[in-house]
Amino acid sequence: MSSIGTGYDLSVTTFSPDGRVFQIEYAAKAVDNSGTVVGIKCKDGIVLGVEKLITSKMMLPGSNRRIHAVHRHSGMAVAGLAADGRQIVARAKSEATNYESVYGEPIPVKELAERVASYVHLCTLYWWLRPFGSGVILGGYDRDGPQLYMVEPSGVSYRYFGAAIGKGRQAAKTEIEKLKLSEMTCRQGVIEVAKIRIYGVHDEAKDKAFELEMSWVCDESNRQHQKVPDDILEEAKAAAKAALEEMDAD
Amino acid sequence: MGGSYGSTLRYKSVERLKPVGKHSLIGASGEISDFQEIMRYLDDLILSDNMWDDGNSLGPKEVHNYLTRVMYNRRNKFNPLWNSLVLGGVKNGQKYLGTVSMIGVHYEDNHVATGFGNHLARPLLRDEWRENLTFEEGVILLEKCMRVLLYRDRSAVNKLQIAKITEEGVTISPPYSLKTFWNFSAFENPTHGAEGSW
């Protein structure tokens with residue numbers, strides 16, 4: 001899979017003879033090697049989930065947040081280089097508040113996704129900037145309903161029903177495709193995301209220790225982005241573990 | 001509930017009491033456009049606080065301090081926000097009531113007022129305020145103060161709202177008016193002592 005772009009991969013302003021920009025592809029690799037991030041769009045909202053790999057036993061649970069609120073009605077889950085991701089979130093927050101102060105209404109999720117994608121793309125156009133080594137899944141609820149977007153380090157942004165980035169994305173995408181998302185509420189969605197995460201990670205025997213971070217924007221949370229309440233999260237983890245045991249029993 | 005246009009009392013339904021976040025309430029007098037600007041600052045402040053999503057939220061003491069900084073710094077630049085603000089709230093069982101003026105003078109007390117309220121209402125409150133007033137008793141006391149102000153402050157309208165802040169949250173009553181009495185004998189024939197006047 002890894003092709004050596006000798007000579008054509010030194011700068012983001014260089015194309016290779018077969019029309020690829022290698023620096024951007026390498027940036028995408030940084031995202032691929034990070035913990036899985038999953039987002040799904042349910043009937044009444046969005047659920048975002050992050051597999052936070054615990055690098056040290058001394059880390060406090062709940063620290064190192066990977067999901068950030070961008071505005072009242074939307075949130076962003078980050079994969080890849082954490083510091084790069086923080087920059088993207090900061091930019092998104094600033095775009096959102098600027099839009100609201102100019103136009104008087106919360107930024108439509110589509111507009112926010114376009115602005116974020118545009119900013120990420122900007123950093124792939126100049127040799128004195130490097131591309132962001134992180135991708136984000138952006139979920140929000142505006143008057144067109146709940147929407148889910150994914151922005152990659154190349155600056156590409158698409159709208160999705162279900163998206164996954166990071167290590168376990170192939171397994172996660174397969175699982176998401178099996179779900180009937182249009183009939184699911186966010187409550188059920190939270191359980192499904194926990195299952196996907198615990199399935200996807202469980203197969204990777206090397207990184208056993210992880211923390212599950214989840215957030216949602218749905219009718220139940222009053223269309224505000226917030227962390228999934230602890231009791232619902234515990235319920236979801238328990239249901240996921242039970243389903244996992246069932247799977248193993250076969 | 002009045003909003004002035006110079007010395008004319010032009011707007012008679014201005015809501016000058018607004019909730020701030022989960023724990024506080026702000027009341028303003030003075031320039032309404034500056035109050036709207038202050039509300040924008042506070043909305044941004046509360047939004048940033050909410051986006052941390054860390055279980056903490058700004059309480060009345062913090063909001064009061066923020067407003068003090070804003071008002072004082074504007075005054076230092078000779079560009080004040082022309083308001084007198086009252087800030088009250090409850091957080092974790094702690095009650096708080098404070099005020100900030102347009103020049104940045106700020107203090108907290110058991111009873112505060114803006115403008116003419118300082119001259120007409122606070123003496124009444126100093127005499128009659130007690131530590132364990134019930135809400136209903138408090139309303140009666142406030143209405144007494146508002147009635148005095150209605151009679152004596154020329155820029156008052158007979159339309160007011162009472163707001164209540166408890167640990168559970170903020171409720172602002174719909175506007176209502178006070179009963180007044182104008183049938184004093186001295187008002188009956190006003191030109192009695194000076195024929196030809198009105």
Side-chain angles (χ1 to χ4, degrees), chain A residues 46-50 60-78 85-86 88-107 112 138-141 213-218 221-233, chain B residues 3 11 13-16 18-26 28 31-60 62-63 66-67 69-71 73-74 77 79 81 83 89 91-92 165-172:
Chain A
I46 306 275
V47 179
L48 297 171
V50 177
L60 211 61
S63 72
N64 217 9
R65 294 281 302 265
R66 298 267 294 278
I67 306 186
H68 303 93
V70 168
H71 203 62
R72 268 176 286 261
H73 64 325
S74 49
M76 209 178 242
V78 160
R86 206 170 33 242
I88 301 182
V89 172
R91 180 72 187 208
K93 283 183 179 173
S94 139
E95 293 282 0
T97 37
N98 175 265
Y99 185 96
E100 185 160 31
S101 85
V102 170
Y103 298 104
E105 67 152 11
I107 186 169
L112 181 61
L138 163 66
Y141 203 142
E213 189 181 326
M214 284 220 267
S215 78
W216 64 3
V217 193
C218 57
S221 76
N222 229 342
R223 303 198 182 176
Q224 315 270 6
H225 177 264
Q226 52 174 226
K227 264 200 327 242
V228 170
D230 285 334
D231 48 341
I232 301 180
L233 190 58
Chain B
Y11 303 105
S13 295
V14 182
E15 284 189 16
R16 296 193 281 122
K18 298 268 180 192
V20 177
K22 286 195 291 222
H23 305 285
S24 331
L25 183 84
I26 185 174
E31 175 58 47
I32 300 297
S33 63
D34 283 350
F35 177 50
Q36 288 173 335
E37 195 63 12
I38 289 172
M39 282 317 296
R40 257 182 36 130
Y41 291 154
L42 288 175
D43 284 341
D44 284 346
L45 182 74
I46 298 292
L47 178 66
S48 314
D49 186 48
N50 283 347
M51 290 212 286
W52 285 108
D53 205 3
D54 59 356
N56 278 323
S57 48
L58 290 171
E62 289 92 59
V63 177
Y66 173 79
L67 287 170
R69 291 294 101 230
V70 169
M71 302 301 271
N73 278 299
R74 289 288 298 252
K77 295 195 280 195
N79 184 17
L81 289 162
N83 294 110
K91 186 176 163 188
N92 294 338
I165 317 114
T166 58
E167 193 72 50
E168 285 81 51
V170 176
T171 35
I172 306 181

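Lettering follows sequence order; numbering is per chain, from 1.
More than 12 heavy-atom neighbours from other residues, nucleotides or ligands sit within 6.0 angstrom of CZ on B/Arg74. Residue A/Asp230 qualifies as open at atom CG: its count of foreign heavy atoms under 6.0 Å is 12 or below.
A/Arg72 CZ to B/Ile46 CD1: the interatomic distance, rounded to the nearest 0.5 Å, is 10.0 Å. Atom CD of A/Gln226 and atom CG of B/Asn50 lie 10.5 Å apart (nearest 0.5 Å). Note that CZ of B/Arg40 is 9.5 Å distant from CD of A/Glu100, once rounded to the nearest 0.5 Å.
For a residue to count as touching a neighbouring chain, one of its non-hydrogen atoms must lie under 4.5 Å from one of that chain's; by this rule A/Ser101 touches chain B with backbone and side chain alike. Looking at A/His68, neither its backbone nor its side chain comes within 4.5 Å of chain B, counting heavy atoms on both sides.
A distance-only check finds a donor-acceptor pair linking the side chain of B/Asp53 to the backbone of A/Lys227 [under 3.5 Å].
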